[in-house]
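The block underneath contains the structure these notes are about, expressed in C-alpha coordinates.
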There are 2 protein chains.
Amino acid sequence: MDNHGGWMETAFNTRDPVYLQVVRLFKERIVTGLLAAGEAIPSRREIASLLKMNPNTAQRAYKEMEEQGLIVTEGNSPSRITRDEDVLRNIRSELLGEAVRTFMGSIRNMQVPLQEIVALVQEEYESDAQRRARKPGGEGA
Amino acid sequence: MDNHGGWMETAFNTRDPVYLQVVRLFKERIVTGLLAAGEAIPSRREIASLLKMNPNTAQRAYKEMEEQGLIVTEGNSPSRITRDEDVLRNIRSELLGEAVRTFMGSIRNMQVPLQEIVALVQEEYESDAQRRARKPGGEGA
DNA sequence: CATGGTGTATGAACCACTTAGTACACACAC
DNA sequence: GTGTGTGTACTAAGTGGTTCATACACCATG
(Lines give C-alpha, C1' and ligand atoms only; values in the text may rest on other atoms or scores of the structure.)
Protein backbone atom coordinates (compact mmCIF):
# COMPACT_ATOMS: atom_id res chain seq x y z
CA MET A 1 0.00 0.00 0.00
CA ASP A 2 1.68 3.18 -1.19
CA ASN A 3 -0.85 5.73 -0.06
CA HIS A 4 -0.04 5.10 3.56
CA GLY A 5 -3.41 3.80 4.61
CA GLY A 6 -5.45 6.28 2.65
CA TRP A 7 -4.49 9.29 4.74
CA MET A 8 -2.97 11.22 1.90
CA GLU A 9 -6.13 11.83 -0.07
CA THR A 10 -7.44 14.26 2.48
CA ALA A 11 -8.28 17.88 1.74
CA PHE A 12 -8.98 20.42 4.43
CA ASN A 13 -11.01 23.56 4.22
CA THR A 14 -9.77 26.84 5.53
CA ARG A 15 -12.94 27.63 7.43
CA ASP A 16 -12.85 25.20 10.30
CA PRO A 17 -9.83 24.64 12.51
CA VAL A 18 -7.58 21.96 11.07
CA TYR A 19 -7.31 20.05 14.31
CA LEU A 20 -11.09 19.66 14.44
CA GLN A 21 -11.14 18.48 10.86
CA VAL A 22 -8.61 15.85 11.82
CA VAL A 23 -10.83 14.71 14.67
CA ARG A 24 -13.72 14.47 12.27
CA LEU A 25 -11.59 12.56 9.83
CA PHE A 26 -10.87 9.94 12.44
CA LYS A 27 -14.50 9.75 13.45
CA GLU A 28 -15.54 9.14 9.89
CA ARG A 29 -12.97 6.39 9.49
CA ILE A 30 -14.23 4.76 12.63
CA VAL A 31 -17.82 4.97 11.50
CA THR A 32 -17.02 3.43 8.14
CA GLY A 33 -14.98 0.66 9.71
CA LEU A 34 -11.65 1.81 8.32
CA LEU A 35 -10.50 2.05 11.90
CA ALA A 36 -11.47 -0.70 14.32
CA ALA A 37 -11.66 -0.78 18.09
CA GLY A 38 -8.24 -1.18 19.65
CA GLU A 39 -6.45 -0.49 16.40
CA ALA A 40 -3.20 1.45 16.54
CA ILE A 41 -3.09 4.82 14.80
CA PRO A 42 -0.13 6.73 13.41
CA SER A 43 2.06 8.67 15.79
CA ARG A 44 1.62 12.44 16.09
CA ARG A 45 4.69 13.15 14.06
CA GLU A 46 3.78 10.61 11.43
CA ILE A 47 0.22 11.78 10.87
CA ALA A 48 1.49 15.35 10.76
CA SER A 49 3.85 14.36 8.01
CA LEU A 50 1.20 12.45 6.07
CA LEU A 51 -1.34 15.23 6.39
CA LYS A 52 1.27 17.91 5.77
CA MET A 53 0.67 19.83 8.94
CA ASN A 54 2.59 20.91 11.97
CA PRO A 55 3.13 18.19 14.60
CA ASN A 56 1.62 20.50 17.18
CA THR A 57 -1.62 20.63 15.26
CA ALA A 58 -1.66 16.86 15.14
CA GLN A 59 -0.98 16.76 18.85
CA ARG A 60 -3.87 19.06 19.47
CA ALA A 61 -6.17 16.86 17.43
CA TYR A 62 -5.05 13.75 19.29
CA LYS A 63 -5.44 15.49 22.60
CA GLU A 64 -8.96 16.44 21.66
CA MET A 65 -9.72 12.84 20.73
CA GLU A 66 -8.19 11.70 23.97
CA GLU A 67 -10.48 14.01 25.93
CA GLN A 68 -13.49 12.77 23.99
CA GLY A 69 -12.54 9.23 24.89
CA LEU A 70 -12.01 8.36 21.27
CA ILE A 71 -8.46 7.15 21.60
CA VAL A 72 -6.35 5.92 24.45
CA THR A 73 -2.64 6.26 24.98
CA GLU A 74 -0.53 4.38 27.44
CA GLY A 75 3.11 5.10 27.98
CA ASN A 76 4.82 5.95 24.75
CA SER A 77 3.33 3.20 22.66
CA PRO A 78 1.15 4.18 19.73
CA SER A 79 -2.27 5.54 20.59
CA ARG A 80 -5.14 3.20 19.91
CA ILE A 81 -8.80 3.53 19.08
CA THR A 82 -10.82 2.98 22.22
CA ARG A 83 -12.44 -0.36 22.80
CA ASP A 84 -15.41 1.25 24.53
CA GLU A 85 -18.24 0.09 22.34
CA ASP A 86 -20.62 2.69 23.71
CA VAL A 87 -18.35 5.51 22.65
CA LEU A 88 -17.82 3.98 19.24
CA ARG A 89 -21.50 3.42 18.69
CA ASN A 90 -22.35 6.99 19.58
CA ILE A 91 -20.01 8.56 17.06
CA ARG A 92 -22.21 7.81 14.13
CA SER A 93 -25.39 9.19 15.59
CA GLU A 94 -23.52 12.15 16.99
CA LEU A 95 -22.09 13.11 13.61
CA LEU A 96 -25.33 12.39 11.85
CA GLY A 97 -27.53 14.21 14.31
CA GLU A 98 -25.29 17.23 14.32
CA ALA A 99 -25.31 17.40 10.54
CA VAL A 100 -29.07 17.11 10.31
CA ARG A 101 -29.65 19.70 13.00
CA THR A 102 -27.27 22.14 11.39
CA PHE A 103 -28.87 21.61 8.02
CA MET A 104 -32.44 22.01 9.16
CA GLY A 105 -31.49 24.96 11.30
CA SER A 106 -29.92 26.74 8.36
CA ILE A 107 -33.14 26.63 6.38
CA ARG A 108 -35.51 26.97 9.31
CA ASN A 109 -36.41 30.56 8.58
CA MET A 110 -37.21 29.91 4.96
CA GLN A 111 -40.36 27.90 5.50
CA VAL A 112 -39.46 25.20 3.03
CA PRO A 113 -42.02 22.39 2.74
CA LEU A 114 -40.77 19.03 3.93
CA GLN A 115 -41.57 17.52 0.59
CA GLU A 116 -39.26 19.94 -1.18
CA ILE A 117 -36.45 19.35 1.28
CA VAL A 118 -36.66 15.60 0.81
CA ALA A 119 -36.72 15.98 -2.93
CA LEU A 120 -33.58 18.12 -2.90
CA VAL A 121 -31.83 15.67 -0.60
CA GLN A 122 -32.67 12.78 -2.87
CA GLU A 123 -31.51 14.71 -5.88
CA GLU A 124 -28.18 15.55 -4.28
CA TYR A 125 -27.80 11.98 -3.10
CA GLU A 126 -28.09 10.57 -6.57
CA SER A 127 -25.92 13.28 -8.00
CA ASP A 128 -23.35 12.24 -5.44
CA ALA A 129 -23.63 8.60 -6.36
CA GLN A 130 -22.99 9.46 -9.97
CA ARG A 131 -19.91 11.49 -9.13
CA ARG A 132 -18.71 8.53 -7.12
CA ALA A 133 -19.29 6.19 -10.03
CA ARG A 134 -17.26 8.26 -12.46
CA LYS A 135 -14.31 8.56 -10.15
CA PRO A 136 -13.46 5.14 -8.70
CA GLY A 137 -12.68 6.63 -5.30
CA GLY A 138 -10.92 4.44 -2.78
CA GLU A 139 -12.61 1.39 -1.44
CA GLY A 140 -9.62 -0.74 -0.69
CA ALA A 141 -9.77 -3.29 2.11
CA MET B 1 -44.82 48.22 15.71
CA ASP B 2 -42.40 48.38 18.57
CA ASN B 3 -39.96 45.72 17.53
CA HIS B 4 -38.67 47.87 14.69
CA GLY B 5 -39.72 45.64 11.86
CA GLY B 6 -38.74 42.39 13.52
CA TRP B 7 -35.02 43.01 13.37
CA MET B 8 -34.48 42.79 17.06
CA GLU B 9 -35.29 39.11 17.51
CA THR B 10 -32.11 38.07 15.79
CA ALA B 11 -29.41 35.97 17.39
CA PHE B 12 -25.98 35.49 15.89
CA ASN B 13 -23.57 32.67 16.38
CA THR B 14 -19.92 33.25 17.08
CA ARG B 15 -18.77 30.78 14.47
CA ASP B 16 -19.49 32.57 11.25
CA PRO B 17 -18.58 36.18 10.55
CA VAL B 18 -21.31 38.50 11.70
CA TYR B 19 -21.41 40.42 8.46
CA LEU B 20 -22.16 37.24 6.54
CA GLN B 21 -24.88 36.34 8.98
CA VAL B 22 -26.40 39.73 8.32
CA VAL B 23 -26.31 39.09 4.59
CA ARG B 24 -28.00 35.78 5.15
CA LEU B 25 -30.58 37.44 7.35
CA PHE B 26 -31.54 39.80 4.57
CA LYS B 27 -31.67 36.98 2.06
CA GLU B 28 -34.01 35.03 4.27
CA ARG B 29 -36.27 38.02 4.69
CA ILE B 30 -36.36 38.47 0.96
CA VAL B 31 -37.16 34.82 0.40
CA THR B 32 -39.97 34.88 2.91
CA GLY B 33 -41.40 38.05 1.48
CA LEU B 34 -40.65 40.22 4.48
CA LEU B 35 -38.60 42.39 2.16
CA ALA B 36 -39.95 43.24 -1.26
CA ALA B 37 -38.26 44.39 -4.47
CA GLY B 38 -37.43 48.07 -4.37
CA GLU B 39 -38.13 48.37 -0.68
CA ALA B 40 -35.95 50.67 1.37
CA ILE B 41 -33.86 49.10 4.12
CA PRO B 42 -32.45 50.63 7.31
CA SER B 43 -29.34 52.75 7.11
CA ARG B 44 -25.97 51.27 8.13
CA ARG B 45 -26.00 53.03 11.45
CA GLU B 46 -29.59 52.17 12.14
CA ILE B 47 -29.32 48.47 11.45
CA ALA B 48 -26.12 48.42 13.47
CA SER B 49 -27.99 49.90 16.38
CA LEU B 50 -30.91 47.51 16.05
CA LEU B 51 -28.66 44.49 15.72
CA LYS B 52 -26.26 45.76 18.36
CA MET B 53 -23.15 45.67 16.26
CA ASN B 54 -20.52 48.05 15.03
CA PRO B 55 -21.63 50.27 12.12
CA ASN B 56 -18.64 49.09 10.16
CA THR B 57 -19.78 45.53 10.40
CA ALA B 58 -23.12 46.63 9.04
CA GLN B 59 -21.33 48.53 6.32
CA ARG B 60 -19.39 45.45 5.38
CA ALA B 61 -22.57 43.43 5.19
CA TYR B 62 -24.22 46.03 2.99
CA LYS B 63 -21.16 46.25 0.79
CA GLU B 64 -21.26 42.50 0.35
CA MET B 65 -24.91 42.67 -0.61
CA GLU B 66 -24.16 45.50 -2.98
CA GLU B 67 -21.53 43.39 -4.73
CA GLN B 68 -23.91 40.47 -4.97
CA GLY B 69 -26.44 42.73 -6.62
CA LEU B 70 -28.84 42.26 -3.76
CA ILE B 71 -29.27 45.90 -2.89
CA VAL B 72 -28.65 49.16 -4.70
CA THR B 73 -27.57 52.47 -3.30
CA GLU B 74 -27.63 55.82 -5.02
CA GLY B 75 -26.26 58.94 -3.48
CA ASN B 76 -26.85 59.04 0.23
CA SER B 77 -30.45 57.98 0.14
CA PRO B 78 -31.40 54.74 1.84
CA SER B 79 -30.31 51.56 0.10
CA ARG B 80 -33.05 49.52 -1.52
CA ILE B 81 -33.64 45.91 -2.37
CA THR B 82 -32.90 45.33 -6.02
CA ARG B 83 -35.75 45.16 -8.49
CA ASP B 84 -33.94 42.58 -10.59
CA GLU B 85 -36.36 39.68 -10.49
CA ASP B 86 -33.76 37.21 -11.68
CA VAL B 87 -31.52 37.99 -8.74
CA LEU B 88 -34.39 37.79 -6.31
CA ARG B 89 -35.64 34.52 -7.70
CA ASN B 90 -32.21 32.93 -7.44
CA ILE B 91 -31.70 33.68 -3.77
CA ARG B 92 -33.98 30.93 -2.59
CA SER B 93 -32.49 28.18 -4.68
CA GLU B 94 -29.01 29.46 -3.93
CA LEU B 95 -29.55 29.29 -0.18
CA LEU B 96 -31.35 26.01 -0.41
CA GLY B 97 -28.87 24.39 -2.74
CA GLU B 98 -25.96 25.52 -0.67
CA ALA B 99 -27.51 24.13 2.50
CA VAL B 100 -28.27 20.79 0.91
CA ARG B 101 -24.84 20.47 -0.63
CA THR B 102 -23.11 21.34 2.63
CA PHE B 103 -25.27 18.87 4.50
CA MET B 104 -24.81 15.99 2.11
CA GLY B 105 -21.12 16.76 1.82
CA SER B 106 -20.68 16.59 5.55
CA ILE B 107 -22.03 13.06 5.70
CA ARG B 108 -20.70 11.91 2.35
CA ASN B 109 -17.92 9.81 3.78
CA MET B 110 -20.18 7.99 6.16
CA GLN B 111 -22.11 6.00 3.60
CA VAL B 112 -25.49 6.68 5.11
CA PRO B 113 -28.41 5.09 3.24
CA LEU B 114 -30.74 7.60 1.61
CA GLN B 115 -33.63 6.12 3.50
CA GLU B 116 -32.01 6.87 6.84
CA ILE B 117 -31.14 10.41 5.85
CA VAL B 118 -34.69 11.12 4.80
CA ALA B 119 -36.03 9.64 8.02
CA LEU B 120 -33.76 11.82 10.12
CA VAL B 121 -34.72 14.90 8.15
CA GLN B 122 -38.40 14.19 8.62
CA GLU B 123 -37.88 13.59 12.29
CA GLU B 124 -36.07 16.87 12.77
CA TYR B 125 -38.66 18.66 10.69
CA GLU B 126 -41.50 17.57 12.91
CA SER B 127 -39.48 18.21 16.01
CA ASP B 128 -39.00 21.73 14.69
CA ALA B 129 -42.68 22.18 14.04
CA GLN B 130 -43.45 21.21 17.60
CA ARG B 131 -40.93 23.66 19.00
CA ARG B 132 -42.54 26.30 16.83
CA ALA B 133 -45.98 25.40 18.14
CA ARG B 134 -44.99 25.75 21.76
CA LYS B 135 -43.38 29.12 21.26
CA PRO B 136 -45.70 31.39 19.27
CA GLY B 137 -42.79 32.89 17.36
CA GLY B 138 -43.40 35.99 15.28
CA GLU B 139 -45.70 35.82 12.31
CA GLY B 140 -46.88 39.37 12.15
CA ALA B 141 -47.85 40.87 8.79
C1' DC C 1 -24.53 78.04 6.93
C1' DA C 2 -24.89 74.87 10.58
C1' DT C 3 -26.76 70.57 12.00
C1' DG C 4 -27.69 65.92 11.50
C1' DG C 5 -28.49 62.40 8.64
C1' DT C 6 -26.47 59.49 4.83
C1' DG C 7 -22.67 56.35 2.42
C1' DT C 8 -17.65 55.57 2.31
C1' DA C 9 -12.64 54.83 3.37
C1' DT C 10 -8.69 53.65 6.14
C1' DG C 11 -5.78 51.97 9.69
C1' DA C 12 -5.44 50.05 14.31
C1' DA C 13 -6.86 46.55 17.55
C1' DC C 14 -8.26 42.12 18.48
C1' DC C 15 -8.77 37.15 18.39
C1' DA C 16 -8.42 32.20 17.34
C1' DC C 17 -5.81 29.23 15.09
C1' DT C 18 -1.55 27.65 13.28
C1' DT C 19 3.19 27.23 13.23
C1' DA C 20 7.78 27.18 15.01
C1' DG C 21 11.15 26.08 18.29
C1' DT C 22 12.62 23.78 22.16
C1' DA C 23 12.52 20.75 25.90
C1' DC C 24 11.83 16.55 28.74
C1' DA C 25 10.86 11.61 30.11
C1' DC C 26 10.37 7.20 28.42
C1' DA C 27 11.36 2.85 25.79
C1' DC C 28 13.17 -0.20 22.47
C1' DA C 29 17.16 -1.68 19.37
C1' DC C 30 21.75 -1.99 18.32
C1' DG D 1 25.16 3.53 26.56
C1' DT D 2 23.92 5.67 22.19
C1' DG D 3 20.55 6.61 19.02
C1' DT D 4 16.07 7.03 17.50
C1' DG D 5 11.45 6.83 18.11
C1' DT D 6 7.44 7.76 21.12
C1' DG D 7 4.05 11.04 23.97
C1' DT D 8 3.88 15.45 26.26
C1' DA D 9 4.45 20.36 27.53
C1' DC D 10 5.37 25.15 27.09
C1' DT D 11 6.30 29.66 25.04
C1' DA D 12 6.73 32.70 21.27
C1' DA D 13 5.77 34.29 16.88
C1' DG D 14 3.13 34.53 12.76
C1' DT D 15 -1.21 34.73 10.11
C1' DG D 16 -5.86 35.84 8.39
C1' DG D 17 -10.05 37.64 9.12
C1' DT D 18 -13.23 40.36 11.91
C1' DT D 19 -14.33 44.17 14.37
C1' DC D 20 -13.51 48.85 16.32
C1' DA D 21 -12.55 53.80 16.08
C1' DT D 22 -12.22 57.63 13.51
C1' DA D 23 -12.45 60.58 9.75
C1' DC D 24 -14.23 62.45 5.38
C1' DA D 25 -17.51 63.90 1.63
C1' DC D 26 -22.15 64.44 0.51
C1' DC D 27 -26.99 66.14 0.86
C1' DA D 28 -31.20 67.66 2.94
C1' DT D 29 -33.49 70.55 6.36
C1' DG D 30 -34.22 74.33 9.19
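Labels below follow one simple rule: chain letters A, B, ... track the order of the sequence lines, proteins then strands, and each chain is numbered from 1.
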Does the side chain of [X] get closer than 4.0 angstrom to OP1 or OP2 of [N] through an N or O atom?
| X | N | result |
| --- | --- | --- |
| B:R44 | C:dT6 | no |
| A:S77 | D:dT6 | no |
| A:S43 | D:dT6 | yes |
| A:T57 | C:dT19 | yes |

Separation of [N] [atom2] from [X] [atom1] (nearest whole Å):
| X | N | atom1 | atom2 | value |
| --- | --- | --- | --- | --- |
| B:N56 | C:dA9 | CG | P | 12 Å |
| B:R45 | D:dC27 | CZ | P | 16 Å |
| A:M53 | C:dA20 | CE | P | 12 Å |
| B:R15 | D:dG17 | CZ | C1' | 16 Å |
| A:R80 | D:dT6 | CZ | C1' | 13 Å |
| A:D16 | C:dA16 | CG | P | 16 Å |

| field | Pairing of B:R83 and B:E39 as salt bridge, 4.0 angstrom limit | value |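 Salt bridge: no.
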| task | Scan A:Y62 against the nucleic acid and name what it touches under 4.0 Å (heavy atoms): base, sugar-phosphate only, or nothing. | result |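 No contact.
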| field | Pairs satisfying ring pair (Phe, Tyr, Trp, His ring centres under 6.0 Å), at least one member in residues 19-44 of chain A, at least two apart | value | A:W7-A:F26, A:F26-A:Y62
| said: Heavy atoms from C-beta onward define the side chain here; which of C:dA20, C:dC26, D:dC20 lies closest to that of A:N76? | reply: C:dC26
| query | Among C:dC17, D:dT8, C:dT19, which is the nearest nucleotide to the side chain of A:Y19? | reply |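 Within the option list, the nearest is C:dC17.
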| field | Given DNA chain D, 5'-ward residue of the pair A:K63 and B:P17, judged by closest heavy atom | value | A:K63
| said: How close do A:A36 and A:I81 get, counting heavy atoms only, and between which atoms? | reply: O-CB, 3.4 Å
